[in-house]
Every structure is written in structure tokens, then in C-alpha cells.
2 protein chains.
Amino acid sequence: MEAFRRTCVEKGLAVTHQRQAIYRALISMPEHPAPESVYEVVRSEIPTISLGTVYKNIKTFLNAGLLRAVTLHHESLRLDANVEHHYHLVCTRCKSITDLPADDLEPIQFRRTPPRGFRVQNYSLEVHGLCAACAAS
Amino acid sequence: MEAFRRTCVEKGLAVTHQRQAIYRALISMPEHPAPESVYEVVRSEIPTISLGTVYKNIKTFLNAGLLRAVTLHHESLRLDANVEHHYHLVCTRCKSITDLPADDLEPIQFRRTPPRGFRVQNYSLEVHGLCAACAAS
DNA sequence: CTATTATAGGATAATTATTATCGACTGTCC
DNA sequence: GGACAGTCGATAATAATTATCCTATAATAG
């Protein structure tokens, strides 16, 4: 929480009551919540907060690196007609996706059994970075 | 394309003009398009097709396993306040997400340099399967 | 080959998630 | 303590997706 305040100051962000409540809610929620759920939690502390404020600050926190999105592609469904096992190269700048053959990487190996009785079916891996075009600029 | 027709018959899906055009568009698009882009391409072949039909059939294809979505979480932004490097266990049934410490897996190793001048920044890995609760039922 | 029927398509409205706008308010800095 | 920029809350607007409903067409039996 102290680190949060420090980062806000560094980035020139006002440390408001609402921002602190939103951030506190986020770190208390390990279930990777959607903005709507964060709103529910924050509202129990600040009943007058608006959903727009929650969205705005989540976006602010994402830009400040205080927070991460689980996927880079939540804005729209992206499709893959190649149902063979393979991975993806994703450009963090232009969001383009290209295929990466599975055997370009060493196979994924668990060091211990997955926790909490999770029954593994398969896995997906995205390599993030800059595509050639974006790296050039 | 023959395999497509066979799968349709197996799953009791009518092999319509529109479905074939949509599927043909999909396999011709390696850029992992959004439904809107697929619609644009199909429309050049069937100008009267409706966007709703494209959406409906994409969903049908996903259910039939003819197609895959790049991410399981496109319907809404999912947040992660833990900015340390770690992975995710994702339940394919209830879509719940739990953290998996990075050192539960052997480190990811490239066998060859990534293609197309891609400059790697980091990577994200999701292990898909059934959580304990969903596996029980 | 034609009739029948279930399924699918097209047009459109509705819903959901997210973003923008704008006047009022409040941290921050002097 | 007051000025100013940045933030908030309310609300409207937009974007993505889904549902509805009536018509058209693919599958299939005869």
C-alpha cells in the first residue's frame, strides 16, 4: 500500500480516497476479477463510487504498471482455424498475433504436480514482444 | 474442406453455402481475425450475408472444435494485481483463474531464435484444465 | 424429383462491456 | 487557505455480442 502511494506520486497521480479503495480491493481479490466485481467490492466501502471511476482507474493502473490484464485480447474475440498444438507471438504494440510452432520451444515440464487438484488438459503459451515492424519504429 | 464437411455431418450441422464460405475465409486468414474481419472477407463472396450469421456460425464452429479462440477470457477484462512473474491455471468449464508460481514449471527455453525478427519481452502461460470443483462433477 | 420438416439465414432489436463527456469537487502546491 | 489541475459522479455514447422472429433452404424420405 505504501508502494502504491509511492508509485502514484512517481507517475504524477493523485492519491485519492477512491484510488486507494480500488487498489486495496484489487490486491484483496486473488480470483482475477472483472471490473464489475471490483466495483461491487469497492462499493461496500464507498457506496457512492461510480462504475466509470472504477474503469478509469483500472486503466490508469494498467498504464502505470500497478496492475496487469490476464490477456491482451479481451477487447474482441480472436480466432484461430489452426487446431494443431502451437503457440503465439503477440506484439504488445500493435497486438498482432502470429503462430509459433510448438517445437520452436522445449516442451513445457511441470516440476511438481499442479496445485489444488487441478486436472490439466493442455496449455497455451504467448510470447510477448515487438514484431519486426513495431521494433523498427 | 472435405474434413470440414465431414465434421459438419458428424455433428449434425447442415453444410450451407454460408458455413462453407465462413470456414473458407477463416482458414485463409492466418492473422487470427476478429469476427468483424471475417465478416468483411465473407461479404466479398456473399454480399448479402449478415454479421449475425457470421457470429452464430463462429460460435457453432467453436463448439464443434473446428475453430479455437485465442483466449478464453475475451468476454471481459480480467485483472491481476500480482505483477510478479507467474502463470495461470484456467478452468475450461467455469473459467476460474488461479495463480501458478513460475517455478512450478521448468523455465521456457527457445530451441531456435523466434521467427520474423520478433523481439521477445516476456511470455505468459496458461495451463488449461478442470479445477477440483469442476472435475468432481 | 418433389414434398416435408428441421435447421439455418437475414433483419433488427436488445444486451453487455467499455469509453467519452461534462460540470462539480478535491488533492496538491504555493 | 486559495488557485489550479486532476479526478469524480452522472449520464450518454459506442462497440461487441447475443437474442428474436419470420423466411428460406438443406437434408431426407418417399
Side-chain angles (χ1 to χ4, degrees), chain A residues 1 4-26 32-40 42-64 66-67 69-79 95, chain B residues 1 4-26 32-40 42-64 66-67 69-79 95:
Chain A
M1 214 55 215
F4 168 74
R5 278 190 215 92
R6 213 174 317 115
T7 306
C8 283
V9 172
E10 269 170 30
K11 308 266 177 177
L13 300 171
V15 182
T16 64
H17 185 200
Q18 288 89 338
R19 282 193 177 145
Q20 294 180 77
I22 293 169
Y23 186 74
R24 223 177 307 115
L26 280 162
H32 307 79
E36 188 78 35
S37 316
V38 178
Y39 173 57
E40 298 300 340
V42 176
R43 210 152 47 142
S44 70
E45 186 179 337
I46 311 177
T48 59
I49 199 165
S50 92
L51 179 57
T53 297
V54 173
Y55 266 100
K56 267 183 286 194
N57 284 310
I58 283 173
K59 226 184 161 188
T60 303
F61 293 170
L62 287 169
N63 288 334
L66 285 162
L67 206 60
V70 169
T71 168
L72 262 39
H73 312 111
H74 70 275
E75 40 264 324
S76 156
L77 177 60
R78 299 288 296 265
L79 302 163
K95 304 287 194 295
Chain B
M1 213 55 216
F4 168 74
R5 278 190 215 95
R6 214 175 316 117
T7 306
C8 284
V9 172
E10 270 170 30
K11 309 266 177 176
L13 300 171
V15 182
T16 64
H17 184 199
Q18 288 88 338
R19 282 192 176 146
Q20 294 180 78
I22 293 169
Y23 186 74
R24 223 176 307 116
L26 281 162
H32 307 78
E36 188 77 35
S37 315
V38 178
Y39 173 57
E40 298 300 340
V42 176
R43 211 153 44 143
S44 69
E45 186 179 336
I46 311 178
T48 59
I49 200 166
S50 92
L51 180 57
T53 297
V54 173
Y55 266 100
K56 268 182 286 194
N57 284 309
I58 284 173
K59 226 182 162 190
T60 303
F61 293 169
L62 287 169
N63 287 335
L66 285 162
L67 206 59
V70 170
T71 168
L72 263 40
H73 310 112
H74 70 275
E75 40 264 323
S76 155
L77 178 59
R78 298 289 296 264
L79 302 163
K95 304 286 194 294

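Lettering of chains follows the sequences in order, A, B, ..., and the numbering in each one begins at 1.
- Phosphate proximity of dT26(C) to Gln18(A): absent, as no side-chain N or O sits under 4.0 Å from OP1 or OP2.
- For the residue pair Leu62(A) and Ala69(A), the shortest heavy atom distance occurs at CD2-N, 3.6 Å.
- Nearest heavy atoms, Thr53(B) versus Ile22(B): O-CD1, 4.1 Å.
- The listed nucleotides are dC8(D), dG9(D), dA27(D); the one nearest the side chain of Arg19(A) is dC8(D).
- Taking the six-membered ring where the residue is Trp, Phe4(B) and Tyr23(B) present parallel rings, their angle staying beneath 30° rather than reaching 60°.
- OP1 or OP2 of dT19(C) has not a single side-chain nitrogen or oxygen of Tyr55(A) nearer than 4.0 Å.
- OP1 or OP2 of dG10(C) has at least one side-chain nitrogen or oxygen of Thr53(B) nearer than 4.0 Å.
- Taking the charged nitrogens against the carboxylate oxygens, Lys95(B) and Glu75(B) have no contact shorter than 4.0 Å, which rules out a salt bridge.
- Along DNA chain C, the nucleotide nearest Thr60(B) and the nucleotide nearest Leu77(B) are compared for position; the residue whose nucleotide lies closer to the 5' end is Thr60(B).
- Ranked by how close their nearest DNA chain D nucleotide is to the 5' end, Lys56(B) and Val9(B) are led by Lys56(B).
- dA8(C) atom P lies 18 Å from atom OH of Tyr23(B), rounded to whole Å.
- Across all strands, His74(A) comes closer than 4.0 Å only to sugar-phosphate atoms, never to a base (heavy-atom distances).
- Two residues, Thr16(A) and Glu36(A), neighbour DNA chain C, and the one matched to the more 5' nucleotide by heavy-atom proximity is Glu36(A).
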